[in-house]
Amino acid sequence: MDVRSALFQKKLQQRAEQPSARCLIVERSLVQNRGHHHTQIATLASLLPGYQISLLAGPNYNFFLPYPARVMTTDVARIEYLTRRAAHGSLRQKLIARTDLFLSGRGWPLPRSGYGADLTMAIRDFGLGPGDLVTVPSASIADLAAVVEAAAGFEQGRIPRVQMRFLDPFLDEPKEILRDARVMGLLKNLPPCTELACETEELARWFSDRFEYSFKGGVYLPCTIDPRSDGVTSPQQRGGFFRVGVFGAPKRRKGSARITPIVAALSKRDVDVEILVQGEAHDFEPGGFFSAVAQFANKRVRIVPMLGEIAPEAFREALLSVDAVLLPYDTSVYGLQGSGLVQDAVAALRPVVHSRGFSMHYLLQHGNAIDAVTDEDFADAIVSLTQCTNALSEGCKKAREAFRLRLDQPVLFGR
């Protein structure tokens, strides 16, 4: 082979090795070691092999991930909040919102979204075209509005494909009238190359009925543990204390106020249980969610606080140290939206004790979970697991396999 042919072959090889398309991941809540947003970027990259990944992140992003990134220049939540009220609020709300926008230098022309201009610049700066992808894994009203505004800045057919995943029914707008008016208006103006989906099937059905627009369901993404990975085993039958995990930042909608009465009910049972509880120091002080839990602890029911922000590897280690995960969540919220802790528990082969009426039936229907209503029910469920640690092990394996299959055949975030 002569030199010219060798150079030609080298160019062909280099071209083959180059990513065939680009993907811009938009994540406004991308903060290191907080929530599940940062852990899901690698998962998205694994679902999009051959794509060159770039990021558009919120103002608090500190470039801790190894991808080229732009940071939004505006206070997205505030601008979008005022924009909604200026367009769809009462007369009083419109006047106040327009005044606030004017005083912040955004009064004329009125902004069409919180970060549409940033999205437009990112698409252009990273060189995305019609064959590329913009994906928003934690979408809300602000993201719908930004996509509509960005699409208006491109010639028809020139904007990349857009895929958006919604996580909760509130969409960052507590007022139902404003929420519905804003969403209905935006859905009418979305570019035709847009796909909308939800994390849970339950939320997708609810949105589809409410807005008369097609939302796909069941877009599950691994958080800390990937069900496709090796090295995870079921909890082992052993003597001593049965270990239960209460993970995540304590919040009322997550049933954190119920942990104390559940522990109180356990303290009356003939059982050895150790409960690992995540929270800040003030959560265990007077007035905190877990301030009274210690008074019900005894020699047979122990409480182990896990304080502060937890790095992914430390969280993984803690999750794999428990025999079950406790989720006494409020189903008025979590009857539609999902929880990353369910996905982590399923991927970790850990049984889940959850509130009856919880969403994510797809992951909780395999004999890997126990539902409960009252605090006594939760205590009874934990006791039943202590009597046979491996009682749900086959169900946990089936749930993990169902999760893995969903990633092998994704509803969204694929070509």
Side-chain angles (χ1 to χ4, degrees), residues 35-36 167-170 199-200 202-203 223 235 241-269 271 273-280 283-284 287-297 301-306 310 315 318-319 321-346 348 350-361 363-365 367-386 391-392 395-396 399:
H36 298 300
L167 303 180
D168 69 75
F170 304 107
E199 180 178 45
T200 71
E202 293 88 347
L203 184 58
C223 299
F241 283 75
F242 184 86
R243 193 170 169 93
V244 178
V246 178
F247 296 112
K251 296 177 181 177
R252 192 162 300 280
R253 68 175 183 269
K254 294 185 176 182
S256 300
R258 298 190 66 181
I259 300 304
T260 295
I262 291 172
V263 171
L266 278 171
S267 68
K268 301 173 185 176
R269 306 298 205 274
V271 64
V273 177
E274 181 174 87
I275 302 180
L276 181 64
V277 183
Q278 184 176 354
E280 300 292 340
D283 294 313
F284 296 87
F289 277 110
F290 310 125
S291 59
V293 71
Q295 66 179 293
F296 296 105
V301 178
R302 303 192 304 208
I303 305 298
V304 179
M306 186 169 65
I310 309 297
F315 179 84
L319 177 61
S321 77
V322 304
D323 300 297
V325 174
L326 178 61
L327 300 175
Y329 284 17
D330 180 355
T331 55
S332 69
V333 176
Y334 286 92
L336 292 175
Q337 76 181 61
S339 167
L341 285 169
V342 170
Q343 289 160 115
D344 272 337
V346 169
R350 265 49 186 175
V352 178
V353 181
H354 63 85
S355 300
R356 184 170 299 167
F358 203 101
S359 66
M360 306 184 88
H361 180 70
L363 294 177
L364 296 171
Q365 65 176 330
N368 60 313
I370 302 175
D371 63 3
V373 178
T374 68
D375 299 326
E376 297 290 332
D377 292 340
F378 278 100
D380 290 340
I382 292 170
V383 170
S384 70
L385 288 174
T386 67
L392 304 185
C396 288

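Worth saying up front: this structure is predicted, and the values here are computed from it rather than measured.
Residues that satisfy the side-chain contact (heavy atoms from CB on, under 4.5 Å) test with Thr331, not counting sequence neighbours, are Ser355. Taking Thr374 as the reference, Glu376, Asp377 meet the side-chain contact (heavy atoms from CB on, under 4.5 Å) condition, with sequence neighbours excluded. With sequence neighbours excluded, no residue satisfies side-chain hydrogen bond (donor to acceptor under 3.5 Å, both in side chains) with Arg253. Listed by chain and residue number, Arg258 satisfy the side-chain hydrogen bond (donor to acceptor under 3.5 Å, both in side chains) test with Asp375 (two or more places apart in sequence, or in another chain). With sequence neighbours excluded, no residue satisfies side-chain hydrogen bond (donor to acceptor under 3.5 Å, both in side chains) with Glu280.
Phe296 CZ to Ile303 CD1: the interatomic distance, rounded to the nearest 0.5 Å, is 11.0 Å. To the nearest 0.5 Å, atoms CG (Leu266) and CG (Asp380) are separated by 9.0 Å. Here the CG atom belonging to Leu363 is positioned 10.5 Å from the OG atom belonging to Ser339, to the nearest 0.5 angstrom. Note that CG of Asp168 is 10.0 Å distant from OG1 of Thr200, once rounded to the nearest 0.5 Å.
A donor-acceptor contact shorter than 3.5 Å is absent between the side chain of Thr260 and the backbone of Phe290. When atom types are taken as modelled, the side chain of Gln278 and the backbone of Ala249 share no donor-acceptor pair closer than 3.5 angstrom. The backbone N or O of Lys251 lies less than 3.5 Å from a partner atom in the side chain of Ser256, making a donor-acceptor pair.
Here salt bridge (charged side-chain N to carboxylate O under 4.0 Å, His left out) pairs that include residues 330-342, with residues two or more places apart or in two chains, number zero.
At a threshold of 4.0 Å, the pair Asp344-Arg350 does not count as salt-bridged, since none of the basic side-chain nitrogens sits closer than that to a carboxylate oxygen.
Using the six-membered ring where Trp is involved, Tyr329 and Phe358 have ring planes that are tilted, between 30° and 60° apart.
Considering only heavy atoms from C-beta on, Leu385 stays 4.5 Å or farther from Asp323 through its side chain.
The number of heavy-atom neighbours closer than 6.0 Å to CZ of Arg252, taken from other residues, nucleotides and ligands shown, is 12 or below.
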